[in-house]
Structures are given as C-alpha cells and as structure tokens.
Amino acid sequence: MKARGTTRVLAVVLLSVLPLLAAALLLWHGATGRDDAEHPGSASSAPGASHVEGWQLLLALAVVVAAARAVGALVSRYLGQPRVVGEMISGIVLGPSALGLAAPGVYDALFPAALHSYLNLVAQIGLALFMFLIGMEFGESRHERAGRTGVAVGVVGVCLSLALGCGLGYALYSGYAPDGIGFLPFTLFLGIAMSVTAFPVLARLLMERGMLQSRAGAYAIVGAATADLVCWLMLAGVVALLRSDSPLGVLRTLLLTAVFFAVMVWLVRPALRRVLRRPERWLPDGGMLALIIPCALLSGVATELIGIHLIFGAFLFGAICPKNEPALVGARGKLQELVTAVLLPPFFASVGLKTDLLQLGQSGGALWAWAGVALLVAVAGKLAGSAAAAALMSVERIDALRIGVLMNCRGLTELVILTIGLELGVLTPALFTMLVMVTLCATVMTAPLLDLLDRAERRFTPARTKARSVVG
C-alpha cells in the first residue's frame with residue numbers, strides 16, 4: 001500500500017516536472033534569437049483627455065449596471081450559467097462588437113472616447129475591492145480531506161497548461177506580439193493566461209449546483225486556490241520583468257514585494273486581529289467598511305508603487321484578514337453586494353469596450369483559427385492535467401473528469417489577467433480580443449460538460465449495478 005502511494009506521488013511529480021522542462025527548453029530556444037525580430041502590432045494607447053460631463057459618466061454607469069443585471073439574470077435562468085457569465089457577456093454587448101455595430105450613434109453617445117478613461121478608473125476601484133474579496137475567499141478555501149489531492153490537481157494543471165501556453169506564445173510571437181515586447185515576457189504571459197482557474201466563479205458554480213460539499217467539488221476548490229496562487233506569483237514576476245529596465249530593477253521589485261508581504265503578515269495582520277477582537281473600542285460607530293475599504297485600496301497603492309500591479313496588494317490584504325470575526329463577516333457581505341452589483345459591471349464594460357471582434361477578421365481570418373487553437377490549448381491543458389492528477393490520486397474516473405472540467409472554468413480571473421496584459425502592452429488589442437473570446441468559451445463550456453458527465457453517470461451506473469448482480 002505504501003509502495004502504491006509512493007508511485008502515485010512520483011507520477012504526479014513527473015506530470016508536473018516534465019511540462020515545465022519542456023517549457024524551459026522552449027523559452028531558452030526562443031529567447032536566443034527572437035527578441036529583436038520584427039513583428040506587427042502595438043499596444044493600444046489611451047484616448048486623449050477631453051472634457052466629460054458628470055451626467056455622462058452617471059448615465060454610462062447606470063446603463064452598464066442595468067445591462068449586467070439583466071443579461072446575468074437571463075443567462076442564469078435560461079442557459080443554466082452562473083450569473084457572472086452573463087455579466088461578462090454584457091460587457092461585450094455594450095462594446096463596439098455589438099452595440100457599436102448595431103447602433104453606432106447610440107454607442108458613441110453612451111461611450112464617447114473621452115469617457116473610456118473615467119470608466120476605467122471606476123473599474124480599477126471595483127477590481128481592487130473584488131481582489132480583496134477573492135483574497136478572503138482564498139483564505140477560507142482549505143479543506144481538511146482534500147489538501148494533498150487538491151494541491152496535486154492544481155499544480156499539475158498549471159504545469160501542463162503553462163507548457164502548452166508557452167508553446168502557443170512561441171508560435172504567435174513573430175507574427176502577433178507587440179513591438180518592443182521581448183520573447184520571454186510575451187511567452188510567459190500567454191503561459192500564465194492559459195493556466196489560471198477562476199476561483200470565485202468556480203465557487204459560485206459549485207454552490208449553485210449543490211456540489212460544494214461533494215468530493216469532486218472539494219478537490220476542485222483546493223486545486224483552483226492552488227492554481228490561482230501559483231499564477232498570481234508568476235504574474236507578479238512577469239510584471240516586475242516588464243516594468244523594470246534591468247535585472248537589478250527586477251531584483252529590487254522582488255525584494256520590496258517580499259518586504260511588503262512580511263509587513264502585511266507580521267504587522268498588519270496582528271494589528272487587525274487586535275482591532276477585531278474588540279471592535280466596539282476601536283470602531284464605536286460600527287464603521288468596519290470604513291476600515292477595510294481604505295486598507296484594501298492602500299494595499300493596492302503600495303504594490304502599484306513597488307512595481308507590481310495593484311491587484312496583488314488588495315488580494316494579500318484580503319488573504320490575511322481573520323475569517324471568523326462576526327463584525328468582518330457582516331461587513332464583507334455588505335461589500336460583496338456593492339462590488340458585484342455596482343462596481344464590477346464597469347470592469348466588464350471596460351473589457352467590452354476594448355474587445356472588437358472585427359479585429360479578428362483583419363488578418364484574413366487567421367486570428368479566428370488561432371482562437372480555435374488557443375481554446376484547444378486552454379481546455380486540453382486544464383482538463384487533461386487536472387483529471388490525470390486526480391486519477392493518479394485514486395479519485396474515481398467520473399469524478400476525475402468532473403475535476404478537470406471544473407478546473408477549466410476561467411471567467412473573471414482570466415479577464416483580470418488579460419486586462420493587465422493589455423495595460424502593460426504585452427497583448428495587442430487583436431490578441432486581447434482573441435483571448436477574451438477563448439475565456440468566455442471555456443467558461444461557458446463548464447456547465448454543459450458537467451451536465452453531460454451527470455447524464456453519463458446516471459446512464460452507466462444502473463448498467464454496472466445490474467451486471468454485478470448478474471455475476472453475483
């Protein structure tokens with residue numbers, strides 16, 4: 001029995017290490033002579049500043065929030081998808097790919113070019129607070145019986161997806177990478193984008209389907225938390241690489257990040273615990289939101305000034321917050337309602353305004369073909385890697401397949417990563433659009449594939465039971 005356990009561990013290690021070795025060889029080969037290659041495309045530039053009336057911003061926000069609510073409700077009720085999928089789609093509907101084509105006059109009146117930067121500022125606030133909430137959920141994602149298997153699922157899924165994503169970056173670099181972006185950050189970024197799992201979307205999907213306490217659901221939750229943590233750490237490294245002009249600058253950024261992490265864990269967390277132990281003394285008016293919102297935003301400011309993105313600071317502050325304090329739990333519920341209903345829709349809208357499907361047809365349809373390849377890479381890496389790891393850890397075949405399907409749920413988390421890539425100039429607007437479509441397709445696939453597995457299980461379980469009774 002012990003030998004069998006050792007064999008399983010070795011198999012999981014091999015499944016993790018071999019893709020990473022392949023990715024390392026690919027990156028080494030590509031980095032030797034391709035950084036100076038000519039390639040078309042450039043990062044989108046922000047529109048010139050212009051005067052915007054306050055009522056224009058308020059009108060745009062009202063339309064964005066109402067559209068997100070309506071499309072989310074329709075998709076949830078009639079298509080069986082999580083509400084957030086409809087909210088993601090609402091951003092595309094309000095952008096140049098749908099409203100801009102169907103009613104260009106209405107689109108220009110609602111979202112003039114000068115308004116985009118203001119909408120993006122609101123989106124950044126919503127994004128920071130959303131990452132704070134994700135950090136809190138991440139801290140609660142531990143499951144006593146699912147630890148080892150869940151970690152194996154997350155690590156193997158990331159390793160295989162990273163290797164396949166780097167292969168995709170290797171193939172796309174010479175023809176589609178922006179000018180001035182080196183081979184290494186471009187390829188690594190695509191590898192990370194292919195590796196992520198949308199932890200918050202997955203948790204809500206499991207909750208809506210009643211799978212949160214199931215074996216497959218517990219393994220998938222721990223696997224998603226592991227995968228997201230690894231991807232955030234890798235993304236922080238890539239951002240530091242892009243924002244620093246020299247290896248010394250990268251080292252400085254990483255050292256400052258380590259110092260920030262130590263301060264948050266060893267100083268801020270104990271201080272927060274002391275405040276929350278007696279909230280009536282420190283917050284006599286019950287102003288818990290007045291404490292956590294500025295702290296989350298200031299943590300984001302700190303990591304932005306360090307040289308990595310603001311999302312990392314907000315995420316870390318959420319992760320270090322004590323999870324079982326009644327005052328914090330109540331404030332978290334209020335904040336979650338505000339963020340998901342009001343502050344996140346502007347983020348979806350800002351993504352939709354940058355997504356133009358017409359750009360995919362400008363290269364003779366080649367980018368549509370690459371979108372199909374990218375979708376295949378994304379699904380194969382997550383589904384095969386995570387399902388194989390689960391099977392090696394003695395999970396039943398049908399549950400292993402469920403875990404693979406669940407780990408392919410990308411949703412909002414990948415949209416955050418893609419937006420960072422566009423802001424940093426790693427992605428052209430055309431590549432950004434292509435990968436947004438891959439994200440939507442991979443996320444929408446999750447619920448139908450789970451339904452298919454449920455039907456298959458119901459069909460074959462009685463047959464197996466009958467066969468066993470006949471043999472007996």
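Numbers here are sequence positions counted from 1. Every heavy atom of this structure was used, including side-chain atoms; hydrogens, water molecules and symmetry mates were not.
- With sequence neighbours excluded, the residues that form a side chain to side chain contact (heavy atoms under 4.5 Å, CB included) with Val377 are Leu164, Met194, Val373.
- Remark: the backbone N or O of Phe111 is paired with a side-chain donor or acceptor of His116 at under 3.5 angstrom.
- Side chain of Ser386 to backbone of Leu383: no donor-acceptor contact under 3.5 angstrom is found.
- For Leu338, the side chain to side chain contact (heavy atoms under 4.5 Å, CB included) criterion is met by Leu335, Val342, Leu343, not counting sequence neighbours.
- Taking Ala103 as the reference, Leu99, Val106 meet the side chain to side chain contact (heavy atoms under 4.5 Å, CB included) condition, with sequence neighbours excluded.
- Counting only residues at least two apart or on different chains, no side-chain hydrogen bond (donor to acceptor under 3.5 Å, both in side chains) pair has a member in residues 338-352.
- Pairs engaging residues 317-345 under the ring-ring contact (aromatic ring centres under 6.0 Å, His included) rule: Phe132-Phe317 [sequence neighbours left out].
- Not counting sequence neighbours, the partners of Thr433 by the side chain to side chain contact (heavy atoms under 4.5 Å, CB included) test are Thr355, Leu357, Gln359, Leu360.
- The stretch residues 426-452 participates, sequence neighbours left out, in these salt bridge (charged side-chain N to carboxylate O under 4.0 Å, His left out) pairs: Arg209-Asp451.
- Residue pairs satisfying the side-chain hydrogen bond (donor to acceptor under 3.5 Å, both in side chains) criterion with at least one member in residues 152-161, sequence neighbours excluded, are absent.
- Every residue was checked against the salt bridge (charged side-chain N to carboxylate O under 4.0 Å, His left out) condition with Asp356, not counting sequence neighbours, and none meets it.
- Applying the side-chain hydrogen bond (donor to acceptor under 3.5 Å, both in side chains) test to Glu304 and every residue at least two apart in sequence or in another chain returns Arg243.
- Residues satisfying the ring pair (Phe, Tyr, Trp, His ring centres under 6.0 Å) test with Phe348, not counting sequence neighbours, are none.
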Expected list for residues 64-87: side-chain donor-acceptor pairs under 3.5 angstrom, two or more places apart:
| from | atom 1 | to | atom 2 | distance (Å) |
| --- | --- | --- | --- | --- |
| Gln81 | NE2 | Val444 | O | 2.8 |

